Every structure is written in structure tokens, then in C-alpha cells.
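Remember, predicted model here, so these are calculated numbers, not experimental data. Each ligand, and each atom within it, is numbered from 1 in the order the structure gives.
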Amino acid sequence: MKNRLLFLGPPGAGKGTQASLICKEKGLLHLSTGDLLREEVSLGTQLGKEAELIMNKGELVSDQIVLSIVEKKLSKSSQGWLLDGFPRNLMQVELLEKLLKDIHQPIQTVLLIEIDDETLTHRMLSRGRKDDKEDVIRNRLKVYRDKTSPLVNHYMDLGILKSINGCGNIEDVNNRIKEALN
Ligand code: B4P
């Protein structure tokens, strides 16, 4: 299996859930920008304070903040990695491509988790995180459509995109992902 992966999909699609399973199984570094930002928030750092205000509105945190977090982690990894929730717009794609070129570690496969808005909204409301409120979720879906979904065409044009259906239970989705990555 390839060991430099990117999981793409709308908020609540299960990127984090599935990325954890795949990373545990394959020994990859799990790099979730959402988790890393939430860690900064819980530590009460200056960066965390700035990020929290933006995350609670469902907007994207600044590209430079996110890149600096990713850069630190990626440069330490030797066993392969899975990017979860990053990049989220075309500027982040550009910044990431430059970074990966510098360390000679191009992405091998981008996996798109596809799922309908109703299921996403239901999952996020059941999770009940601070940014899982109905109006914030609506905005996060809009931000995904406006800023993140153009990445699908970008990676399709590069010939490295695979997509799977994200509906169904965690195990079924996991099996679909493993099949797609084989
Ligand atoms: P993220 O932390 O990336 O979170 P997410 O997109 O909401 O969730 P994910 O798709 O990982 O779903 P999960 O597995 O948790 O982003 C949060 C915020 O951080 C963003 O809005 C933004 O502000 C900021 N941010 C992050 N990255 C950024 C970047 N690169 N640039 C700028 N800002 C950035 O699953 C959702 C729920 O569904 C869970 O409760 C899970 O248990 C459940 N679930 C999963 N799979 C299921 C299944 N098959 N069946 C039933 N339930 C399931």
C-alpha cells in the first residue's frame, strides 16, 4: 500500500475516524490539522486563541498558521504519513506542494470520502463538538463547497484521486477504503 496519503471530504465525512484506523494499522503518521489546532486551543497558546475564534464560526484558520504546524510534523516523519483535513483550499495546496517537493515526498494517493449533507449534519450534531452547531455546520459546508471542493478537480487532473462512498457504518467504510488503497 502507498504510504503518503491525503484524505479529502466534507466536514463530518469521517476523515478523522478513518484516518486513525488506517494509520494505526499501517504505522503511518496521522496528521490532522483539526486535532493539532484543537490541541493548541486546549493548551491556551496565542495561536490557539486566534484559531478558536475562527473555528467556532466554521471558517478556515489562516494558511500560514496551518502550514507552520504541518511543516514541523512532516519534517520529522520517516515512516510515511496521512494528511487529514489539510490542504483545505488552493493556496494550501500550493504551499503543501512546495513543501513536499523540498523534502522529496510527493503525495501518492488522495482519497475522497463522499457523503450527503443530511448524513453529515446528523453525524456532527450527534458528536456535539463546540463547532458542531447547526448554523456553524451550515457555514462549514458552504466553506467546503466554495474553498475545498475545487481540490477534487486538481487531484483528479494529477491522476491520483480515488473516491469512496462514506455512508454506512465505520467498519464498512473502512473496508471500502482499504480496498481502494490496495
Ligand atoms: P476537522 O477537525 O478537520 O473536522 P471535520 O472536518 O469536522 O471532521 P471529520 O471529517 O474528520 O469527521 P470525523 O471523523 O470527526 O476541522 C475542524 C475545523 O478546524 C475546521 O472547520 C477549520 O476551522 C479548522 N481547520 C482544520 N484544518 C484546517 C486547515 N487545513 N485550514 C484551515 N482551517 C482548518 O467524524 C464526524 C463524526 O461522525 C464523529 O462523531 C464520528 O464518530 C462520526 N462518524 C464517523 N464515521 C461514521 C460512520 N461511518 N457512521 C456513523 N458515524 C460516524
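- Residue contacts with ligand 1, taken as heavy atom pairs separated by less than 4.0 Å, involve Val66 solely via side-chain atoms from C-beta onward.
- A salt bridge is defined here as a Lys NZ or Arg NE, NH1 or NH2 lying under 4.0 Å from an Asp or Glu carboxylate O, and Arg138 with Asp135 fails to meet this definition.
- Remark: of the listed residues Glu59, Lys133, Lys57, Glu59 is the sole one forming a side chain to side chain donor-acceptor pair (under 3.5 Å) with Asn139.
- For atom 17 (C) of ligand 1, the nearest non-hydrogen atom from the set Arg129, Gln18, Glu171, Met91 comes from Arg129.
- Less than 4.0 angstrom separates some heavy atom of Ile170 from each of these atoms of ligand 1: 46 (N), 47 (C), 48 (C), 49 (N).
- For atom 5 (P) of ligand 1, the nearest non-hydrogen atom from the set Gly12, Ser32, Ser20 comes from Gly12.
- For atom 42 (O) of ligand 1, the choice among Val143, Thr148, Thr17 with the nearest heavy atom turns out to be Thr17.
- Nearest protein neighbour of atom 49 (N) of ligand 1, counting heavy atoms only, is Gly168 O, 2.8 Å.
- Taking 4.0 Å as the cut-off between side-chain N and carboxylate O, Lys49 and Glu40 do not count as a salt-bridged pair.
- In this structure, Ala19 falls outside the shell of residues with a heavy atom less than 4.0 angstrom from ligand 1.
- No side-chain heavy atom of Glu114 sits less than 4.5 Å from a side-chain heavy atom of Ile164.
- The Glu59 neighbourhood of ligand 1 comprises atoms 22 (C), 23 (O), with distances under 4.0 Å to a heavy atom of that residue.
- Considering backbone and side-chain N/O of Lys15, one or more are found under 3.5 Å from N/O of ligand 1.
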If you apply the rule side-chain contact (heavy atoms from CB on, under 4.5 Å), what do you find for Leu6 with Phe86, and how did you get there?
CA-CA 8 Å; Leu6 162 58; Phe86 173 82; over 6 Å; no
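- With a 4.5 Å cut-off on side-chain heavy atoms, Pro11 and Ile137 do not count as touching.
- The closest heavy-atom contact to atom 33 (N) of ligand 1, among the options Ile54, Val61, Leu36, comes from Val61.
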Verify side-chain contact (heavy atoms from CB on, under 4.5 Å) between Leu37 and Ile65, making sure each step is shown before the conclusion.
CA-CA 9 Å; Leu37 289 167; Ile65 289 184; 4.3 Å; yes
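- At the top of the distance list for atom 26 (C) of ligand 1, counting protein heavy atoms only, stands Arg88 NH1, 3.4 Å.
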From CA spacing to verdict: salt bridge (charged side-chain N to carboxylate O under 4.0 Å, His left out), Lys15, Asp84
CA-CA 6 Å; Lys15 300 181 294 292; Asp84 156 18; 5.4 Å; no
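- Atom 31 (N) of ligand 1 has its closest protein heavy atom at Gln92 NE2, 2.9 Å.
- The local environment of CD in Glu179 is sparse, with at most 12 non-hydrogen atoms from other residues, nucleotides or ligands closer than 6.0 Å.
- Heavy-atom distances between Ala13 and ligand 1 reach below 4.0 Å in at least one pair.
- Close contacts between ligand 1 and Arg38 involve ligand atoms 2 (O), 17 (C) [criterion: under 4.0 Å to a heavy atom].
- Side-chain contact between Leu83 and Thr33 is absent, with no heavy atoms from C-beta onward closer than 4.5 Å.
- At least one N or O atom of Gly85, backbone or side chain, sits closer than 3.5 Å to an N or O atom of ligand 1.
- Considering only non-hydrogen protein atoms, atom 27 (N) of ligand 1 sits nearest to Thr33 OG1, 2.7 Å.
- Leu111 pairs in a side-chain contact (heavy atoms from CB on, under 4.5 Å) with only one of the listed residues (Leu5, Leu181, Leu8, Ile22), which is Leu181.
- Here the protein heavy atom with the shortest distance to atom 12 (O) of ligand 1 is Gly14 N, 3.4 Å.
- The Phe86 neighbourhood of ligand 1 comprises atoms 30 (N), with distances under 4.0 Å to a heavy atom of that residue.
- With hydrogens left out, the protein atom closest to atom 25 (N) of ligand 1 is Leu37 CD1, 3.6 Å, a heavy atom.
- Scanning the protein heavy atoms around atom 36 (C) of ligand 1, the nearest turns out to be Arg127 NH1, 3.5 Å.
- Using modelled atom types and a 3.5 Å distance limit, the side chains of Asp63 and Gln92 yield a donor-acceptor pair.
- Taking distance alone, with nitrogen or oxygen atoms compared against 3.5 Å, Gly16 approaches ligand 1 more closely than that limit.
- Close approach to Asn169 involves these atoms of ligand 1, each under 4.0 Å from a residue heavy atom: 49 (N).
- By the neighbour-count criterion of 12 heavy atoms within 6.0 Å, atom CD of Gln108 is densely surrounded, having more than that number from other residues, nucleotides or ligands.
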Quick one, Asn3 with Gln79, criterion side chain to side chain donor-acceptor pair (under 3.5 Å). Give me CA distance, side-chain angles, the key distance, then yes/no.
CA-CA 8 Å; Asn3 68 351; Gln79 79 277 36; over 6 Å; no
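- Of the candidates His122, Arg123, Arg140, Met55, it is Arg140 that places a heavy atom closest to atom 7 (O) of ligand 1.
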